[in-house]
Amino acid sequence: MNEMKEYNPQEIEEKWSKYWIDKAIYHVEKPQKQKKFSVVIPPPNVTGSLHMGHALNATLQDIIVRWQRMKGKQCVWVPGFDHAGIATQYVVEKQLAKEGISRLEIGREEFLKKVWEWVPKSRNAIRTQLTKLGVSVDWKRERFTLDEGFSRAVRKAFRTLYEEGLIYRAEYIVNWCPKDLTALSDLEVEYEEEKGSLWYIKYPVVDEQGNETGEFITVATTRPETMLGDTAVAVNPNDERYKHLIGKKVKLPLVSWERKDLKGNKVSNLIPIIADERVKMDFGTGAVKITPAHDPLDFEIGKTHNLPFVRVIDETGKMTENAGEFTGLDRYEARKSVIEKLQEKGYLEKEEEITHSVGHCYRCKTVIEPMVSVQWFVKVSDERIKDISIKVVEEGIEEREEKEIFVQLAQVEELSVVIPVKDDGKYSAVIVLDKTAKFLVGKREGELAYIYYPKGDEETLNLARSLAEEIKNYEFFVAYEGVPKIVIAGNEQLIEPGTYLFIYDGNKVDLYKLEGKKTKFVKTLARGEADLEVTQKSIQVKVEKIKRVEKKEKKVRFIPEHWKKFYLDWMYNLKDWCISRQIWWGHRIPVWYCKDCGSVNVFTDDDFDRVYDKIIFNLIADGKIDQEFTPEEVEKILKSPHFVHPEITVLDFYKKFVFHKYHTTDITADSLRLFFTQDANPMAILTPGVSTRNIYRYNSQTKKWRMVLRCKKCNSENLQQDKDVLDTWFSSALWPFGVFGWPENTEDVNNLYPTDLLVTGFDIIFFWVARMIMMGTHFTKDIPFHDVYVHALVRDKYGRKMSKTIGNVIDPLDIIQKYGADALRFTLAILTVQGRDIKLAEEKFEGYKHFANKIWNATRYVLMNTPEDFIARVPYMAPFRAEDKWIITKLNETAEIVNKALSEYQYSQAAHAIYEFFWSDYCDWYIEFTKERIYKRAPEDNEELKAKVENERTTAIYTLLYVLEKALRILHPFMPYITEELWHRLPNTEGESISLTEFPEKNEEEIYEEEKEKIERLREIITTIRSLRSDLQIKPNIKVKASFRTDSEFSKEVIEEFKEHILNLAKLESFEEVDKRPEGTVATFSRDTEIFLHIEGHVDLEKLIESYEKKREKILKELERVNKKLSNENFLKKAPAHVVEKEKQIKEELENDLNKLEEILKVLKG
RNA sequence: AGGCGCGUAGCUCAGUUGGGAGAGCGCCGGCCCGACACGCCGGAGGUCGGGGGUUCAAGUCCCCCCGCGCCUACCA
């Protein structure tokens, strides 16, 4: 019926990827709070390209999201990108450098234009890569950390924190990169072990007059050039060697010139010897030179002892004027020079080799320079931020929310309920409870809304109430007594009389038996959308107000759990977060300094109340227009396609994603001009309804308008904006609520936040996860996410990190090209075990492409044998056979394992279960079993027999299709493409996408224990025969005669029932029961059954004997173990009875096996 | 230095409350049998890093040691 070509991943993946996006399958316009499952993607860096870590990250998210979606959740997975300040600036600078352009030459504005030109190219590339992976994200909600909404959110966050005193500006020692010319946060510094030297320098001690006493104090340093900035020598107060020197002074060698501190005060070259506990006695000489301006610890000591700060190295790594004769030298040249000079003058005592770790810029690898400068900090160490961030992870916060709900209590007589169920627009079932309904309970918006119960019957009302508490997942449920009329697919269903409950959960109607207050699941009656038609004889409604205390747990759970400790350890020792960066690409700090009164102004669009003002202000603050601009410029920008969503304009983006209002507002150059004119025109004050505020001023020379910002303290217009931008992570910290529209109180924020899951790598727990928790809890008073799944690092096959330098990267795109995205995804999933890094080698992908191929071909087999008129044949199909029930049982067990594994994020287990099922159970056994029925030729001349054969074939095909369809659904989250493709090809499916079908769950009705046991036994028997054939080296194409003998009724039954399968799958000519071993046969056994194979001609028995000897050894060893256990009195006494029983059984089995084996060996040898 | 993780078949790894050692790849032998050679059938291969302890029973829990990896801190 279906012509299937060979499996070609590229072809199908391209097709479905496009289909999903074009149809916006994964867009949910208005998700309901109760049903949602929301995830935000860790925004990939716009500079990068997708590497294996991204592929893993995206795959793990997609598996959970697709699974949750199939479980009926309304999934919203928000994609987006991160502007990556330093990294992007670095990349663009490098590109410009190739053209011989430096950013300093072209200036800030021009440079940013270049970046904006470059960014979309890179962004689009990653976007394409993500779509190739098959991620089921909602592209309509895509965001960028530097889009208009985010930029506004960042300013709002900054302002709020500033006003709360949680952001401050201070002089502090920071990690400075002399190449990128910016401060770096502690986390952005990479330490590496390096060989260096420890130089011992003698500082002459001087008396009160400043004359050298002849005594020296020797300090040790790895950075002699910083001695020029020394302002003290410190020793430990308990150090006997130096106690007498404390309080005295030394004369700083070489320095004969005048030095100045940060405020311009002169600093003497006679510096004090101070005592400080932080000095370690056992390092170096126990005396340490103090350079407060260029060393973090010295900075601290300098602060405590009130030492002057002398900067001797500038931003570019060159020596400052304080370095006297060394001024202008690079810090490394200066080091050489200083050493030479010291040696020359006899101050250098010795030089020792030392390995120490040196901090490098994470981006350009330049050695960082600790330097005192003025920076902005977030006071994350403040208890208002720190405490709650610890608490939500450590123990969680339980919040009690009192809710008032109104429940209609309807006392009725003769209650009738009709439940029509529609599936895909067609009626799939109708349930009619004519006057037999007992009570009815329903919800509205997730809350109990009404109860219908028999007039005056308080007992029933109470029962209904308690059931409403107990049953969590329902939209309504009806209880009835008596005989209901249930019609499913046109057939009336009979149910034995009793008290039952129909529960509708939004997806399906389940039937439960009601015994007292207990409910017992019977079966699922129908799937689809259920309606409710209620009639009653009389009604009396009373509204009851119920106070409900809703407990809401705010707890962030790390998976695997040990990352919790990792996070908490860091939180306990939290240092303030330096957020200013001396670069251009990023969110410019929304601070304007007043040049007149010196005060600090933080502006946001909250300072304006009209939409025009707000937009103009945001455009200026974002650097999109200058503070002086023309209305045409504004219109042009607002009417241009948006960077993230080119299908709409920037103005529309503002309305939809930034303000979430002003929907009808249009802005044109003309309307702006009018607005500005009125604003600036003092006469307008006389016109009613027009306000003037003097925000805009026209400059007739430049013919431009200017938005005037005024100092909030002195009203001066003489303001200057801070030149720095914010750390990218400051905006990323707002990601989980920023993407939903915060700071506006949007529907998405209400319905989708907190998010359910965050998947990320451990390396950014501090950078990102911690900061999202800090900012999330602070701004939204709620956690940003419930579960944080921390995934592994992807390494090469030798366990090394993948890096471009080593050249061991495996590019996911190459893998997709060669093996397909499905194989890539499945491989990553099956290798994902909690707490272990992934070692990757290309062969692995190949292996799982084989799996995809296997599924493809299995489907080909099924479809090849599905007749055109299959559906019409179904009503005539024969009853299920045992193997059908067996595979259905296996399918259900697999569904259960996969569901459980995924709910615990056990990706590997889940993937293994479906792999095992598909390949071993379905392909290797079930398909082989069906061949008997599929290939059986019906005799043309016997109508009755022909019909029987055909109907049995229909059953086989039906089961093949039924199981295949469900198995594809189970596999779908792992391999979305191939499952989508194959699913659409099956005749028993309809719908837009497999991803919108229901994820299979274990159905107790489909568990057939008896048949399962039989088939397992059958497999053992077949395997035993195959094994003997192989030992005897009988070619597979030769059919041999065989016979068996057994005392077990069960085994006999299995053999008789499945004789055909045994003949087919063990390649036997015959398999008859005998009393004793026939002549000319070789024996083997499977449990209680002896099997005899007729050998014709010469057979090499050596190999067989060898094989049996080996088995005998094994059994003996086992027996020894079991006997030892069973002869241990303590074991018999203390071990649980069932364990002892089991051991006894094992012993019996082993002894039987041994007897049989020895007998066989005797015959073989004799 | 402190903390965390890992050490199971040649390789990569599963092994969920402590009860007869597993998978994939590789290897060996045999097969193009009407889905699939990206396949089928059969098979070999392990003192579960070493030592001690708890227990009737330890790959699984506790302690020590060895090896590997990672993180944090210090490094004048």
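Keep in mind that what you see is a predicted model, and the values were worked out from it rather than measured. All chains are named by letter (A, B, ...) in the order of the sequence lines, taking the proteins before the strands, and each is independently numbered beginning at 1.
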Which part of the nucleic acid does [X] contact within heavy-atom distance under 4.0 Å: base, sugar-phosphate only, or nothing?
| X | value |
| --- | --- |
| D298(A) | nothing |
| R223(A) | nothing |
| K1067(A) | base |
| E928(A) | base |
| F566(A) | sugar-phosphate |
| V1140(A) | nothing |
| K1035(A) | sugar-phosphate |
| I927(A) | base |
| E1129(A) | nothing |
| V833(A) | sugar-phosphate |
| T221(A) | sugar-phosphate |
| T291(A) | nothing |

What is the separation between atom [atom1] on [X] and atom [atom2] on [N], rounded to the nearest whole Å?
| X | N | atom1 | atom2 | result |
| --- | --- | --- | --- | --- |
| N1128(A) | rG19(B) | CG | C1' | 14 Å |
| D569(A) | rG2(B) | CG | P | 16 Å |
| F1131(A) | rC56(B) | CZ | C1' | 7 Å |
| K849(A) | rC25(B) | NZ | P | 16 Å |
| K565(A) | rC71(B) | NZ | P | 16 Å |
| F918(A) | rG24(B) | CZ | C1' | 18 Å |
| E190(A) | rA73(B) | CD | P | 13 Å |
| R1026(A) | rC40(B) | CZ | C1' | 9 Å |

Query - Comparing S1027(A) and K931(A) on RNA chain B - which has the more 5′ nearest nucleotide - result: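 By nearest-heavy-atom nucleotide position, the 5'-most residue is K931(A).
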**Report entry** Pairwise 5' ranking along RNA chain B for H356(A) and I1146(A), keeping only the more 5' one
**Finding:**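 Result of the comparison: I1146(A).
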Requested in this report: Examine W563(A) together with F558(A) and report whether their ring centres are nearer than 6.0 Å.
Outcome: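 Ring-ring flag for W563(A)/F558(A): false, centres at least 6.0 Å apart.
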Selected nucleotide, minimal atom distance to [X] side chain, candidates [options]:
| X | options | result |
| --- | --- | --- |
| F766(A) | rG19(B), rU72(B), rC41(B) | rU72(B) |
| R860(A) | rC36(B), rU16(B), rC71(B) | rC36(B) |
| L1150(A) | rG42(B), rG20(B), rG19(B) | rG20(B) |
| N853(A) | rC38(B), rG20(B), rG45(B) | rC38(B) |
| E1149(A) | rG20(B), rC56(B), rC31(B) | rG20(B) |
| N857(A) | rA57(B), rG42(B), rC36(B) | rC36(B) |

Report task. Calculate, to the nearest 0.5 Å, the distance between atoms CD1 and NZ belonging to I1115(A) and K1117(A) respectively. Result ->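 Answer rounded to 0.5 Å: 12.5 Å.
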Below the 4.0 Å mark, does [N] have OP1 or OP2 next to a side-chain nitrogen or oxygen of [X]?
| X | N | result |
| --- | --- | --- |
| W919(A) | rC40(B) | yes |
| K854(A) | rC40(B) | yes |
| K844(A) | rG24(B) | no |
| H850(A) | rG39(B) | yes |

Quick one: does any side-chain atom of [X] pair with a main-chain N or O of [Y] as donor and acceptor, under 3.5 Å?
| X | Y | result |
| --- | --- | --- |
| N236(A) | V279(A) | yes |
| R241(A) | M281(A) | yes |
| T1024(A) | E1020(A) | yes |

Query raised in the report: Can you find an N or O donor on one side and an acceptor on the other, under 3.5 Å apart, linking the side chain of K1133(A) with the base of rC56(B)?
Result: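 Under the 3.5 Å cut-off, the side chain and the base do not form any donor-acceptor pair.
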**Report entry** Under 3.5 Å side-chain donor-acceptor pair for T304(A) and R278(A)
**Finding:**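 Short answer, yes.
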Query raised in the report: Going by atom types alone, do T832(A) and Y905(A) pair a side-chain donor with an acceptor below 3.5 Å?
Result: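 There is no such pair between these side chains.
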Query raised in the report: Does rA57(B) have a Watson-Crick or wobble mate here (both distances under 3.5 Å), and if so which one?
Result: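 When the pairing criteria are applied, nothing turns out to pair with rA57(B), so the answer is none.
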Query raised in the report: Which is it for Y819(A) and T827(A) under the side-chain hydrogen bond (donor to acceptor under 3.5 Å, both in side chains) test, yes or no, and what are the steps along the way?
Result: CA-CA 11 Å; Y819(A) 308 103; T827(A) 308; over 6 Å; no
